[in-house]
Amino acid sequence: MGTHNINFSEQFEFTGKVKTLSIVGIVIGIAAVLFGFLAGDKVMHERTFANLLLMAYYFACVCMSGTFFLAVQYVAQAGWSASILRVPQAMAKTLPIAAVILVVVISAGLYSHNLYHHWHAEGLTDQNSPNYDAIIAGKSVFLNVPFFLGRQVVFLGVYSIFSIMFVKFSYNEDLAGGLNSYRKSFKNACIFLVIYGFTTPVFAFDTIMSLEAHWFSTMFGWYNFAAMWVSSLATIAVILILLRRAGYMQWVNNSHLHNLGQFIFGFSIFWTYVWFAQFLLIYYANMPEETVYFYKRFEYYKFWFFLNLAMNFLAPVLLLMDRDNKRTDAKLLFVSIVVLLGHWVDYYQMIMPGAVEDGHNGFGIVEIGIALGFVGLFTFTVLSSLSKKPLIAKNHPLLQESLHHQL
């Protein structure tokens, strides 16, 4: 497409069926939460909180990784992505909302004792209590409610600040032109990547791994990083393809899709590498304090365990191995949706065994409803943000490279 055919003021209009369906999704989610809490029994309450944690964490991680995508592009001084940055910017701009929801879910789960009861139950750190647990007592300096919530607020707050900064710099660049805003984005991206690299493993340790506080894996943080990163890439691909089908962003070509497909393909393999390395070390060592993690998943979640591998490894690797599949929007869209559903399964089998009593897991109205609710919320917030500014960063210094990108 020649640059003379591009409307640099093109804006997305968030109206009609998409907006209605997103609101319907939110209503279904609220109804599912009410159903879970009004059901009356303790197990259903635990399931409801576990699903709220799952989707709030998923929501936050996808938005965080949108910010990470922006930072990587700035630090790498990548040209191919300059014309698609508005999509990850919309995801980054939504992060403060996702962060607040996640902190609220975690706080409510802690204070209602429906989440993190492995280390937050009464008497675990009291030597005079019959519930005393020496392992939990030894971790109590780190796993205590004020410090735990403090870390959540600080981590998510810092990520949100950088997210807003990157979006602001890009909008200022549209108005003023020049390289000043781009240089600020580059410098802050360098700082952000260092902070993000050191804190995301701890964030994953806190939010997910501490659900089963006796167990630990030093690889768990990078396992979660791989999951959130590839989920974010798949989300960007889905949004871009659907926007292009709706008549927007016609400057996005098959080479842009090819790049996203390569990333999804490569990081799906990386996710599998970390997952398998963690599994193999635990399996081979055969130490009871480590194998208990996978024992639960084999005993009560075997279907989900193998479905996880099929959706997050076999599907993207087999379907995106071919060059043409990465360049075809229908095939890339299908794989991206499979990957997004696959990482829901991934988070499900990470969270449920530590949040719900053994043998009481389930899949039904609560799981489907809460998932639809957060999909609706994500769609509504991200597309609302996307509709506020033009769909192209017209003064990005590398825009021409992106508009003429060919592989």
I need the [X] [atom1] to [Y] [atom2] distance, nearest 0.5 Å.
{"X": "Leu242", "Y": "Leu383", "atom1": "CG", "atom2": "CG", "value": "9.5 Å"}
{"X": "Leu102", "Y": "Ile97", "atom1": "CG", "atom2": "CD1", "value": "14.0 Å"}
{"X": "Tyr347", "Y": "Asn308", "atom1": "OH", "atom2": "CG", "value": "11.0 Å"}

With a 4.5 Å heavy-atom cut-off, do [X] and [Y] have their side chains touching?
{"X": "Asn253", "Y": "Gln406", "result": "yes"}
{"X": "Ile101", "Y": "Leu377", "result": "yes"}
{"X": "Lys19", "Y": "Phe380", "result": "yes"}
{"X": "Val33", "Y": "Ile370", "result": "yes"}
{"X": "Asn224", "Y": "Tyr57", "result": "yes"}
{"X": "Ile241", "Y": "Val252", "result": "no"}
{"X": "Leu332", "Y": "Thr328", "result": "no"}
{"X": "Leu70", "Y": "Gln89", "result": "yes"}

Under-4.0 Å salt bridge between Glu212 and Arg297: yes
Presence of salt bridge, Asp329 and Arg245, under 4.0 angstrom: yes
Can you say whether the rings of [X] and [Y] are parallel (under 30°), tilted (30 to 60°) or perpendicular (over 60°)?
{"X": "Tyr196", "Y": "Phe68", "value": "parallel"}
{"X": "Phe166", "Y": "Tyr74", "value": "tilted"}
{"X": "Phe270", "Y": "Phe225", "value": "perpendicular"}
{"X": "His405", "Y": "Trp80", "value": "tilted"}
{"X": "Trp271", "Y": "Tyr223", "value": "tilted"}

Side-chain donor or acceptor of [X] paired with backbone N/O of [Y] under 3.5 Å:
{"X": "Asp346", "Y": "Gly342", "answer": "no"}
{"X": "Ser160", "Y": "Leu156", "answer": "yes"}
{"X": "Asp206", "Y": "Phe203", "answer": "no"}
{"X": "Lys139", "Y": "Ala213", "answer": "yes"}
{"X": "Ser232", "Y": "Trp229", "answer": "no"}
{"X": "Glu13", "Y": "Ser387", "answer": "no"}
{"X": "Lys388", "Y": "Ser384", "answer": "yes"}
{"X": "Gln152", "Y": "Gly150", "answer": "no"}
{"X": "Ser22", "Y": "Thr379", "answer": "no"}
{"X": "Glu46", "Y": "Leu115", "answer": "no"}

Go through the side-chain N and O atoms of [X] and [Y] and say whether any donor and acceptor fall under 3.5 Å apart.
{"X": "Asn259", "Y": "His256", "answer": "no"}
{"X": "Thr67", "Y": "Ser163", "answer": "yes"}
{"X": "Thr199", "Y": "Arg151", "answer": "no"}
{"X": "His396", "Y": "Asp174", "answer": "no"}

NZ or CZ of Arg47 within 45° of Phe49 ring axis and under 6.0 Å: no
Tyr301 six-ring face occupied by Lys296 cation (under 6.0 Å, within 45°): no
[X] to [Y] - nearest heavy-atom pair and separation:
{"X": "Thr200", "Y": "Tyr159", "result": "N-OH, 3.5 Å"}
{"X": "Ser210", "Y": "Trp119", "result": "O-CD1, 3.1 Å"}
{"X": "Ser231", "Y": "Leu340", "result": "O-CD2, 3.3 Å"}
{"X": "Ser336", "Y": "Ile264", "result": "OG-CD1, 3.7 Å"}
{"X": "Arg86", "Y": "Ser170", "result": "NH1-OG, 2.7 Å"}
{"X": "Ser268", "Y": "Val230", "result": "OG-CG2, 3.6 Å"}

Flag yes if more than 12 heavy atoms outside [X] fall under 6.0 Å of its [atom1] atom; otherwise flag no.
{"X": "Phe216", "atom1": "CZ", "result": "no"}
{"X": "Tyr283", "atom1": "OH", "result": "no"}
{"X": "Ile365", "atom1": "CD1", "result": "no"}
{"X": "Phe276", "atom1": "CZ", "result": "no"}

Determine whether the aromatic ring centres of [X] and [Y] lie less than 6.0 Å apart.
{"X": "Phe279", "Y": "Phe294", "value": "yes"}
{"X": "His343", "Y": "Tyr58", "value": "no"}
{"X": "Trp304", "Y": "Tyr348", "value": "yes"}

Worked check of ring pair (Phe, Tyr, Trp, His ring centres under 6.0 Å) between Trp222 and Phe205: CA-CA 10 Å; Trp222 299 113; Phe205 294 158; 9.2 Å; no
Qualifying residue, where the test is side chain to side chain donor-acceptor pair (under 3.5 Å) with Ser402 and the options are Ser83, Ser81, Ser255: Ser83
Trace of the side-chain contact (heavy atoms from CB on, under 4.5 Å) decision for Phe306 with Phe303: CA-CA 6 Å; Phe306 289 106; Phe303 169 76; over 6 Å; no
Residues Phe169, Arg183; criterion side-chain contact (heavy atoms from CB on, under 4.5 Å); working and verdict: CA-CA 9 Å; Phe169 291 148; Arg183 290 192 181 110; over 6 Å; no
Step-by-step side-chain contact (heavy atoms from CB on, under 4.5 Å) determination, Phe12 to Val87: CA-CA 11 Å; Phe12 172 69; Val87 171; over 6 Å; no
Considering only distance and modelled atom types, tabulate donor-acceptor pairs under 3.5 Å from the side chains of residues 313-326, sequence neighbours left out.
residue	atom	partner	partner atom	Å
Asp322	OD2	Asp324	N	3.0
Asp322	OD2	Asn325	N	3.4
Arg323	NH2	Leu407	O	3.2
Asn325	OD1	Lys331	NZ	3.2
Asn325	ND2	Leu319	O	2.7
Lys326	NZ	Leu320	O	2.8

CA sep, side-chain torsions, deciding dist, call: Leu149, Ser107, side-chain contact (heavy atoms from CB on, under 4.5 Å): CA-CA 7 Å; Leu149 287 177; Ser107 300; 3.5 Å; yes
Audit row: Asn51, Glu367, side-chain hydrogen bond (donor to acceptor under 3.5 Å, both in side chains) steps and yes/no: CA-CA 6 Å; Asn51 279 280; Glu367 285 73 20; 3.0 Å; yes
